[in-house]
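In what follows, every heavy atom counts, from backbone to side chain, and hydrogens, waters and symmetry copies are set aside.
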Amino acid sequence: MKNLLTLTAVMEGMTGLVFLLLPEIPVSVLLGIQLDTQAGLVVGRLSGAALLALSFACWIARNDIYSRSALAIVWAMLIYDVTAVALLIYVYIGLELCGTGLWPVVFLHLAMGAWCVVCLRSTKNVSANEGTLS
């Protein structure tokens, strides 16, 4: 779980910074459209702030992987990854938007979500064998 939390902290932190500072770039790469409204810029920057918050939470929890807080963060990451995949597939099918980075990001979120499931299952097995989580 430590590797998952560390990698997520780094990846989402970098992505969050780009969304916060230059939201036009990731939107163009993901969706293949220009982000040209003030509302879109604000939502893009807000998304960046949320990703930075997730990044910091993962970074802090990476050394305390058996705590309930770390497990909660992995659950939150799983929900985020599943939601991101569903939303991006909807964007492609329903809105017919697709940038060069759309499918790589979809597959990355699928992989990260699967990794979350593996970590949660292995933690469940550890807690069953050792009694309870600390």
(message) According to side chain to side chain donor-acceptor pair (under 3.5 Å), does anything in residues 72-83 pair up with another residue at least two apart or in another chain? List the pairs.
(response) D81-H109

(request) State the CG-CG distance between L97 and L88, to the nearest 0.5 angstrom. (result) 10.5 Å

(message) Does anything in residues 32-48 form a side chain to side chain donor-acceptor pair (under 3.5 Å)? List the pairs, not counting sequence neighbours.
(response) none

(message) Return the CG to OH distance between L95 and Y90, rounded to the nearest 0.5 Å.
(response) 4.0 Å

(message) Going by ring pair (Phe, Tyr, Trp, His ring centres under 6.0 Å), name the residues that satisfy it together with Y92, two or more places apart in sequence or in a different chain.
(response) W103

(message) I'd like to know if V117 and L120 are part of one continuous hydrophobic network [Ile/Leu/Val/Met/Phe/Trp/Tyr, side-chain heavy atoms within less than 4.5 Å].
(response) yes

(message) Assigning hydrophobic clusters by single linkage (Ile, Leu, Val, Met, Phe, Trp, Tyr; side-chain heavy-atom cutoff under 4.5 Å), is L46 placed with F19?
(response) no

(request) With rounding to the nearest 0.5 Å, note down the distance linking CG in L5 to SG in C116. (result) 8.5 Å

(request) Name all residues meeting the side chain to side chain contact (heavy atoms under 4.5 Å, CB included) criterion together with L22; count only those two or more places apart in sequence or in a different chain, and write none if there are none. (result) E24, I25

(message) Hydrophobic clusters here meaning ILVMFWY residues chained together by side-chain heavy-atom distances under 4.5 Å, can you tell me if L30 and V18 are in one?
(response) no

(request) Give, for atom CG of L35 and atom CG of L41, the distance between the pair rounded to the nearest 0.5 Å. (result) 4.5 Å

(request) Taking side chain to side chain contact (heavy atoms under 4.5 Å, CB included) as the test, write out the residues that go with M11, two or more places apart. (result) L7, L108, M112

(message) Could you check whether any side-chain N or O of S55 sits under 3.5 Å from a backbone N or O of L51, counting only pairs where one atom can act as donor and the other as acceptor?
(response) no

(request) Would you give the length of the straight line joining atom CE of M1 to atom SG of C58, rounded to the nearest 0.5 angstrom? (result) 11.0 Å

(request) Please answer: with hydrophobic residues joined when any side-chain heavy atoms are less than 4.5 Å apart, are I93 and V105 in the same cluster? (result) yes

(message) Can you give me the closest heavy-atom contact between T100 and P104, atom names plus distance?
(response) O-CD, 3.7 Å

(message) Using the rule that Ile, Leu, Val, Met, Phe, Trp and Tyr join whenever any side-chain heavy atoms are under 4.5 Å apart, tell me whether V29 and L110 fall into a single cluster.
(response) no

(request) Return the set of residues passing side chain to side chain donor-acceptor pair (under 3.5 Å) with N3 (not counting sequence neighbours), or none when no residue passes. (result) none

(request) Could you grab the distance from atom CG of L20 to atom OG1 of T15, nearest 0.5 Å is fine? (result) 12.0 Å

